[in-house]
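Treat the numbers as computed from the prediction; the structure is a model and nothing was measured. Start at 1 and go down the list; that is how both ligands and their atoms are numbered.
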Amino acid sequence: MNVAAFTQLFITEQQPGIWLITLNRPKALNALNRQVLEQLHSAIVWIENQPDARVLLITGSGDKAFAAGADIAEMKDMNAQQAREFSQVGMTTMHRIESSRLPVIALVNGFCLGGGCELAMSCDFILAADNAVFGQPEVTLGVPPGFGGSQRLPRRVGPGMAAQLLLTGEKVNAEQALNIGLCNQVYPAQQLQERGIDMAITIANNAPQALYHCKRLVQASADQSIENGCRMESDLFGLSFATEDQTEGMTAFTERRKAQFTGA
Ligand code: CAA
C-alpha cells in the first residue's frame, strides 16, 4: 500500500527511525471502523518495511480522543456473523501490533474507550495525557468487548480490577489508570507527544534485536510457567551473543564510549 492511500490515518517519521501513526477521524472521536482497522494494519506493515524503523507510536488526531471505541454506527445493524467477522478484523490488527518487530507505544490523548482501550493495550505500553479517560463500556451497549479487551485488560491490571471495569463499564481518568497500572506515565496533554518521542529515542538507542527479545519475553510471561519463560530467556540471551550488536555493546562499555547499534 502506498502511504498516500492511507485516508483514515497519518504516518509521519518524527525523528530518524521514530514513526508516528495518527488515527484521523476526529469528528467521530477516531472511532475504529473496518477501514481504519485495515489501514492501521497496513500502516504497521508499511512502517516495519522501512529498514531504519526503530519505534512506533500510535495516537489520535484532535485534542479529545485517542479512540472512543469501535464504530457504533457501523456495528449497530450487524448480524451475528457480520459482528464476528468485524471482531476478527479488529483482533487481527491488535495481534499485528502486539507481534510487531518494533516496540509500540500508545500515546493516549483523551477518550480511550472500548476498542480504543483495546488498541492501546495491544501496544507494549501506554503513556497518557492528563485528560485521558479509559474504559471498557461495551456492556452499556449490550455486548462484551470484541477486540481482545477481556483478555488484555486482566493481564494489565489483574483479574479483579479488570472484572470491575468490564462489569461496571465505568470510566477511569488518567491518574486512576496510572494507579492501576493501565498506563505507565501521565503528562500534561500538550507535552504528551514530545515526551513520547523522547522515550522512543531512548528505546531506539538500544539494540534492536535485544528490544525484540525483551518484547517477546514480556509477552510470554503472561502465558507460561516461570520455568518455560526463563528457559526462553536463556535461549534468547544465548542467541544475542551471535549478534554484532552484543559485541558492539560490550566492547563500547569496556572502551567507555556510547554503543552504535545497527541491528546486525
Ligand atoms: N462510534 C461511532 N461514533 C462515535 C463513537 C463511537 N464509538 N464515539 C463517539 N462517536 C461520535 C458521536 O456519535 C459524535 O458524532 P456526531 O457529532 O456525528 O453526533 C461524535 O463522535 C462526538 O461524540 P459525542 O458528541 O458523543 O461527544 P461527547 O464529548 O459528548 O462524549 C464520549 C464523548 C463520552 C466518548 C461519547 O462519545 C461516547 O460515549 N462514545 C462511545 C464510547 C463507547 O461506548 N465505546 C465503546 C464502543 S463498543 C466497542 O468498542 C466494541 C469493541 O470492543 C470492539
Side-chain angles (χ1 to χ4, degrees), residues 7-10 21-41 44 58-98 104 106-123 126 128-157 159 161-177 182-183 186 189 192:
T7 55
Q8 306 294 307
L9 44 86
F10 299 127
I21 295 177
T22 307
L23 305 175
N24 188 34
R25 295 187 72 209
K27 285 189 182 142
L29 303 186
N30 301 315
L32 304 170
N33 62 19
R34 190 183 185 106
Q35 203 185 10
V36 175
L37 291 165
E38 288 175 347
Q39 290 194 10
L40 184 53
H41 190 151
I44 290 153
I58 301 179
T59 197
S61 63
D63 53 9
K64 236 184 130 178
F66 173 75
D71 191 314
I72 298 168
E74 189 175 82
M75 287 184 294
K76 185 175 156 291
D77 296 322
M78 285 180 181
N79 64 29
Q81 190 186 335
Q82 289 166 333
R84 188 171 188 282
E85 279 168 14
F86 180 60
S87 166
Q88 288 300 316
V89 173
M91 293 291 189
T92 303
T93 300
M94 305 307 151
H95 286 312
R96 192 63 191 74
I97 293 168
E98 206 163 51
V104 187
L107 301 181
V108 171
N109 53 326
F111 290 113
C112 181
L113 302 173
C117 192
E118 293 166 298
L119 168 60
M121 291 190 293
S122 69
C123 300
I126 299 171
D130 52 9
N131 69 338
V133 176
F134 295 83
Q136 297 286 162
E138 285 89 343
V139 288
T140 67
L141 298 165
V143 296
F147 297 165
S150 70
Q151 301 305 299
R152 292 196 177 92
L153 189 60
R155 285 167 164 81
R156 292 261 168 183
V157 304
M161 184 53 73
Q164 181 180 327
L165 294 175
L166 290 165
L167 298 178
T168 61
E170 284 177 359
K171 303 174 182 68
V172 293
N173 64 26
E175 213 55 46
Q176 291 165 316
L182 183 51
C183 68
V186 178
L192 176 66

Original post:
For ligand 1, which atoms sit closer than 4.0 Å to a heavy atom of Pro145?
Top reply: 53 (O)
**OP:** Starting from atom 16 (P) of ligand 1, find the nearest protein heavy-atom neighbour and note its residue, name and distance.
**Re:** Lys27 O, 4.9 Å
**OP:** Run through Met78, Glu85, Arg84 and flag the one making a side-chain contact (heavy atoms from CB on, under 4.5 Å) with Gln81.
**Re:** Glu85
Subject >> Interfacing atoms of ligand 1 (cut-off 4.0 Å, heavy-atom, Lys64) >> reply: 27 (O), 28 (P), 29 (O)
Subject >> Distance-only side-chain donor-acceptor flag, Gln8 / Gln35, under 3.5 Å >> reply: yes
Original post:
Are any of the N or O atoms of Leu113 closer than 3.5 Å to those of ligand 1?
Top reply: no
Original post:
Taking heavy atoms and a distance under 4.0 Å, where does Glu74 meet ligand 1: side chain, backbone, both or neither?
Top reply: neither
**OP:** Consider ligand 1: state whether an atom of it lies below 4.0 angstrom from any non-hydrogen atom of Ala28.
**Re:** yes
Subject >> For Gly114, atoms of ligand 1 separated by under 4.0 Å from a heavy atom >> reply: 46 (C), 50 (O)
**OP:** Would you check if Thr59 and Leu23 make a side-chain contact, meaning some heavy-atom pair closer than 4.5 Å?
**Re:** no
Subject >> Intermediate values then yes/no, side chain to side chain contact (heavy atoms under 4.5 Å, CB included), Ile97 and Ile44 >> reply: CA-CA 7 Å; Ile97 293 168; Ile44 290 153; 3.2 Å; yes
Original post:
How far is atom 51 (C) of ligand 1 from its nearest protein heavy atom, and which residue and atom is that?
Top reply: Glu138 CG, 3.5 Å
Original post:
Is atom 18 (O) of ligand 1 less than 4.0 angstrom from at least one protein heavy atom?
Top reply: no
Original post:
Taking the side chain as C-beta and beyond, is there a heavy-atom pair between Arg155 and Met121 under 4.5 Å?
Top reply: no
Original post:
Is the shortest distance from atom 21 (O) of ligand 1 to a protein heavy atom below 4.0 Å?
Top reply: yes
Original post:
Is the shortest distance from a heavy atom of Gly90 to ligand 1 less than 4.0 Å?
Top reply: no
Original post:
What about Gly115: any of its N or O atoms under 3.5 Å from an N or O on ligand 1?
Top reply: yes
**OP:** Compute the shortest N/O to N/O distance between Glu118 and ligand 1 and return yes if it is under 3.5 Å, no if not.
**Re:** yes
**OP:** Given side chain to side chain contact (heavy atoms under 4.5 Å, CB included), test Met94 with Leu37 step by step and report yes or no.
**Re:** CA-CA 9 Å; Met94 305 307 151; Leu37 291 165; 4.0 Å; yes
Subject >> Closest candidate by heavy atom, reference atom 3 (N) of ligand 1, pool Cys112, Ala31, Gly110 >> reply: Ala31
Original post:
Mind checking whether Gln136 has a heavy atom under 4.0 Å from ligand 1?
Top reply: no
Subject >> Within-4.5 Å side-chain heavy-atom neighbours: Val139 and Leu167 >> reply: no
Subject >> Heavy-atom gap Met75 to ligand 1 smaller than 4.0 Å >> reply: yes
**OP:** Return yes when at least one protein heavy atom is under 4.0 Å from atom 12 (C) of ligand 1, and no when none is.
**Re:** no
Subject >> Asn24 vs Thr7 side-chain heavy atoms within contact, under 4.5 Å >> reply: no
Original post:
Are Asp71 and Arg34 within salt-bridge range, i.e. N to O under 4.0 Å?
Top reply: no
Original post:
Looking at atom 39 (O) of ligand 1, would you say a protein heavy atom lies below 4.0 Å from it?
Top reply: no
**OP:** Determine, considering heavy atoms only, which of Ile72, Val143, Leu29 sits nearest to atom 37 (O) of ligand 1.
**Re:** Leu29
**OP:** Check step by step if side chain to side chain contact (heavy atoms under 4.5 Å, CB included) holds for Arg152 and Glu98.
**Re:** CA-CA 11 Å; Arg152 292 196 177 92; Glu98 206 163 51; 2.7 Å; yes
**OP:** Test Phe66 against every option in Ile58, Ile126, Asn30 by the side-chain contact (heavy atoms from CB on, under 4.5 Å) rule and name the one that passes.
**Re:** Ile58
Original post:
Considering all protein heavy atoms, does one lie under 4.0 Å from atom 24 (P) of ligand 1?
Top reply: no
Original post:
Would atom 28 (P) of ligand 1 count as contacted, meaning some protein heavy atom under 4.0 Å?
Top reply: yes
Subject >> From the candidates Ala73, Pro144, Ala68, the one that places a heavy atom nearest atom 45 (N) of ligand 1 >> reply: Ala68
Original post:
Quick one: are Pro26 and Leu29 in side-chain contact, heavy atoms under 4.5 Å?
Top reply: no
**OP:** Answer yes or no: is there a side-chain heavy-atom contact under 4.5 Å between Leu32 and Phe147?
**Re:** yes
Original post:
Distance below 4.0 Å between atom 49 (C) of ligand 1 and any protein heavy atom?
Top reply: yes
Original post:
Are any non-hydrogen side-chain atoms of Glu138 and Glu118 less than 4.5 angstrom apart?
Top reply: yes
**OP:** Report yes if the side chains of Gln82 and Asp77 come closer than 4.5 Å at any heavy-atom pair, otherwise no.
**Re:** no
Original post:
Hey, is ligand 1 close enough to Pro137 that some N/O pair sits below 3.5 Å?
Top reply: no
**OP:** Kindly indicate whether atom 31 (O) of ligand 1 is approached by any protein heavy atom to under 4.0 angstrom.
**Re:** no
